[in-house]
K.L.:
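One structure coming up, written as structure tokens, with questions to follow.
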There are 2 protein chains.
Amino acid sequence: MKIIASQFTPASIDCNECPIKHRAVCAYCEKSEMALLEAMKSYKTYAAGDPIIFAGDKMAFVGSVVFGVARLSQTMEDGRKQMVGLLLPSDFVGRPGRAYSAFDVEATTEVTLCRFERKPFEKLLRDIPNLRERMLEMALDELDAAREWMLLLGRKTAREKIASLLTIIARRQNILPDAAKNEVSFDLSLTREAMSEYLGLTLETVSRQINALRKDGVIKLEKKRHVIVNDFARLLEETGDDADGGFLA
Amino acid sequence: MKIIASQFTPASIDCNECPIKHRAVCAYCEKSEMALLEAMKSYKTYAAGDPIIFAGDKMAFVGSVVFGVARLSQTMEDGRKQMVGLLLPSDFVGRPGRAYSAFDVEATTEVTLCRFERKPFEKLLRDIPNLRERMLEMALDELDAAREWMLLLGRKTAREKIASLLTIIARRQNILPDAAKNEVSFDLSLTREAMSEYLGLTLETVSRQINALRKDGVIKLEKKRHVIVNDFARLLEETGDDADGGFLA
DNA sequence: CAAAAAAATTGACTTAGATCAAGGTCACAT
DNA sequence: ATGTGACCTTGATCTAAGTCAATTTTTTTG
């Protein structure tokens, strides 16, 4: 499997020794715990749609996404399903100290995880202060994201939800609008159904609202999954968020 | 101000030196940083309904709730409002490293905060490994709570939302049902409006659903804000959650 | 390439919860 | 005790999004 640099977020720390550049790993390198880490590390690739772990299953591993998109979700007995985390490269999977998964984790596209056995990882977490610091940073970032997501789920209209999801995906792929052109284009790596699970809607409503935004000239579509936004500011207006919004510095 | 022990969650660590027992403080005591801490610490009490900080305001302090109930919320330009955090005694307020608040914080009942200046607190966070560990634990717990909340907001019916909120409040007040009696009773320290902000509903719907649960014999009401649950298992069924649910070990 | 499967769209109809509009209760301050 | 304002309830009506049911488009695969 070939891994190309552009798939990693700019938050990645550059690390010469480490063949795979992603945040959780490189944070330790500073402490030259490489040997230990290298011994623990293993990679596993899952096909699109495959389950990675089910809620209640034993969590032998923690790790992080190095390639692809995964999702964290919760399912009710009658089948109602809510996504509660969208995992892109550099995102962490699992909770140190927790033996059984609280959520379902599924591969949305093909996904490669860099995995560590949980027990030795927890020891490292105790021994390496930098790693703990990094984990805290990541947990707090996720908490902020979860809280914005709660506003979306509790108070936004279907159209605002779709517009918000599009801006979230665009931002997370670091396709910032070119200040001059103000135009962006990106792939939705989610099916309409996955979007509906993210947004707390039905897939029919997702389809209708995407097409409404298209008819209103806010977005263009190519092959159903590729979005072109001519006027990013216009899309931002459709999210219902504050004009300055989401700077969370 | 007199503070009585029963107002603190059992998660509190006992600490002889510290006059106020709450988790964030006592974690440091282990490292005998008491002198430094004592110098930094200040208490402030807010009346019910008072704003503690507005989104975008400068955050000079971080701290934790020692008494009362506060809430974290987000407001859209047109006034739609979503609660994103319910802060009970021992809960942390603010994010180390962040200069401006991302959310509104308001006192729901009368609230006392134990506050630390942010900058020196951040230094402590760098110097005291235990404190960082404690903060990580707390952030991960909040993240789990946020994810359950997302399921509630995205997929539950109004009746399930109310039943869920009641069980959440009962649990957070540690009013576990007596195994023999299976009956609990507790105070809702939230108005119908605050409940609607928590649940992503209108206050009319909250009122109707609370009264529907009452008519159906799931709960009894005393003075509008005091709830008596004769059969806690029955209430749990009404939440829509798995029978075993929410053990998140 | 054709057939089958998967994903997406579109239409007709229903419904849970929102909205709008009175009233009723309760705490407490004069 | 009584009046004022905050809080809550209840009813009538509306509507955004859900549900059910085809149909079309895209992708996969034999």
Side-chain angles (χ1 to χ4, degrees), chain A residues 47-50 76 78-82 106-110 152-165 187-216 219-227 238 240, chain B residues 47-50 76 78-82 106-110 152-165 187-216 219-227 238 240:
Chain A
D50 279 5
M76 293 170 70
D78 61 5
R80 280 175 284 172
K81 196 168 173 183
Q82 178 63 51
E106 295 161 275
T108 293
T109 63
E110 185 184 79
L152 177 150
L153 290 171
R155 295 302 183 193
K156 290 191 177 179
T157 64
R159 172 184 264 244
E160 289 169 339
K161 285 177 175 183
I162 296 289
S164 300
L165 177 58
D187 278 307
L188 253 28
S189 38
L190 304 175
T191 63
R192 300 291 188 258
E193 183 174 43
M195 290 188 244
S196 77
E197 287 169 10
Y198 188 110
L199 300 171
L201 297 170
T202 60
L203 67 90
E204 292 94 330
T205 297
V206 169
S207 177
R208 279 189 251 267
Q209 294 298 331
I210 286 180
N211 285 301
L213 287 175
R214 189 176 49 69
K215 278 171 196 151
D216 295 348
I219 59 172
K220 282 178 191 163
L221 283 179
E222 222 166 65
K223 292 170 82 265
K224 305 289 184 201
R225 299 273 190 93
H226 191 81
V227 178
E238 296 281 358
Chain B
D50 278 5
M76 293 171 70
D78 62 5
R80 279 174 285 172
K81 197 169 172 181
Q82 177 63 52
E106 295 161 274
T108 292
T109 63
E110 185 184 80
L152 177 150
L153 291 171
R155 296 300 183 194
K156 290 190 176 179
T157 64
R159 171 184 264 244
E160 288 169 339
K161 285 177 175 183
I162 295 288
S164 301
L165 177 57
D187 277 307
L188 253 27
S189 40
L190 304 175
T191 63
R192 301 290 187 258
E193 184 175 43
M195 289 188 244
S196 77
E197 287 169 10
Y198 187 111
L199 301 172
L201 298 170
T202 59
L203 67 91
E204 293 94 331
T205 297
V206 168
S207 178
R208 279 188 252 266
Q209 294 298 332
I210 286 179
N211 285 302
L213 286 174
R214 189 176 50 68
K215 279 171 197 152
D216 295 347
I219 59 172
K220 283 179 192 161
L221 283 179
E222 222 167 65
K223 293 169 82 268
K224 304 292 182 197
R225 298 275 190 93
H226 191 81
V227 178
E238 295 281 357

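Worth saying up front: this structure is predicted, and the values here are computed from it rather than measured. We name chains A, B, ... by the order of the sequence lines, and we start the count at 1 in each one. Atoms considered below: every heavy atom in the structure, side chains included; atoms not considered: hydrogens, waters and symmetry mates.
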K.L.:
Between P on dC8(D) and NZ on K223(B), what's the gap in Å once rounded to a whole number?
P.N.:
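Value for this atom pair: 12 Å.
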K.L.:
Taking atom P of dT19(C) as reference, at what distance in whole Å does atom CG of L201(B) sit?
P.N.:
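Whole-Å distance recorded here is 11 Å.
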K.L.:
Check the distance between dT19(C)'s C1' and R155(A)'s CZ and give it to me in whole angstrom.
P.N.:
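Interatomic distance, CZ of R155(A) to C1' of dT19(C): 13 Å.
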K.L.:
Could you state the atom-to-atom distance from CZ of R214(A) to P of dA8(C) in whole Å?
P.N.:
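My rounded result for the distance is 14 Å.
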K.L.:
Name the closest nucleotide to the R208(A) side chain, picking from dT9(C), dA17(D), dA12(C).
P.N.:
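Of the options given, the side chain of R208(A) lies nearest dA12(C).
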K.L.:
Per the side chain to side chain contact (heavy atoms under 4.5 Å, CB included) rule, which among T205(B), L153(B), L152(B) passes with L199(B)?
P.N.:
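Passing option: L152(B).
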K.L.:
In whole Å, I'd like the distance from the CG atom of L190(B) to the C1' atom of dC7(D).
P.N.:
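Result: 14 Å.
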K.L.:
Could you tell me if the side chain of I210(A) sits less than 4.5 Å from the side chain of V227(A), heavy atoms only?
P.N.:
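Contact flag for V227(A)/I210(A) side chains = no.
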K.L.:
What does T202(B) touch in the nucleic acid at a heavy-atom separation under 4.0 angstrom: a base, only the sugar-phosphate, or nothing?
P.N.:
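Base, at least one base atom sits under 4.0 Å.
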K.L.:
Are S164(A) and K161(A) side-chain neighbours, meaning at least one heavy-atom pair lies under 4.5 Å?
P.N.:
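With C-beta onward as the side chain, the pair stays apart.
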K.L.:
Does E204(A) contact dC20(D) through a side-chain donor or acceptor facing the base, at a distance under 3.5 Å?
P.N.:
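In this structure, the two groups form a donor-acceptor pair.
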K.L.:
Contact between R155(A) and D78(B) at the side-chain level, heavy atoms closer than 4.5 Å - yes or no?
P.N.:
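Side chain of R155(A) against side chain of D78(B), heavy atoms only: no contact under 4.5 Å found.
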K.L.:
From CD of Q209(A) over to C1' of dT9(C), roughly how many Å is that when rounded to an integer?
P.N.:
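To the nearest whole Å, that distance equals 14 Å.
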K.L.:
Send over the distance from H226(A) NE2 to dT26(D) C1', rounded to a whole Å.
P.N.:
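Atom NE2 in H226(A) sits about 17 Å away from atom C1' in dT26(D).
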K.L.:
Please classify the nucleic acid contact of R225(A) as base, sugar-phosphate, or nothing, using heavy-atom distances under 4.0 Å.
P.N.:
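It contacts sugar-phosphate atoms only.
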K.L.:
For a quick test of reading the model: is some side-chain N or O of K224(A) closer than 4.0 Å to OP1 or OP2 of dT9(C)?
P.N.:
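The answer is yes; a side-chain N or O of K224(A) sits under 4.0 Å from OP1 or OP2.
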K.L.:
Using a cut-off of 4.0 Å on non-hydrogen atoms, how would the nucleic acid contact of G200(A) be classed: base, sugar-phosphate, or nothing?
P.N.:
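Sugar-phosphate only.
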K.L.:
Output yes when at least one side-chain N/O atom of T205(A) is less than 4.0 Å from OP1 or OP2 of dA17(D), else no.
P.N.:
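No.
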K.L.:
Taking the side chain as every heavy atom from C-beta outward, state whether L190(A) and R225(A) have any atom pair closer than 4.5 Å.
P.N.:
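SC-SC contact between L190(A) and R225(A) ruled out.
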K.L.:
Could you tell me how far apart L199(B) (CG) and dA16(C) (P) are, to the nearest whole angstrom?
P.N.:
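For the pair L199(B) CG and dA16(C) P, the rounded distance is 18 Å.
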K.L.:
Taking any heavy-atom pair under 4.0 Å as a contact, classify L203(A): base, sugar-phosphate, or nothing.
P.N.:
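Base, at least one base heavy atom under 4.0 Å.
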K.L.:
Tell me whether the OP1 or OP2 atom of dA8(C) has a side-chain N or O from N211(A) closer than 4.0 Å.
P.N.:
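For dA8(C), neither OP1 nor OP2 has a side-chain N or O of N211(A) closer than 4.0 Å.
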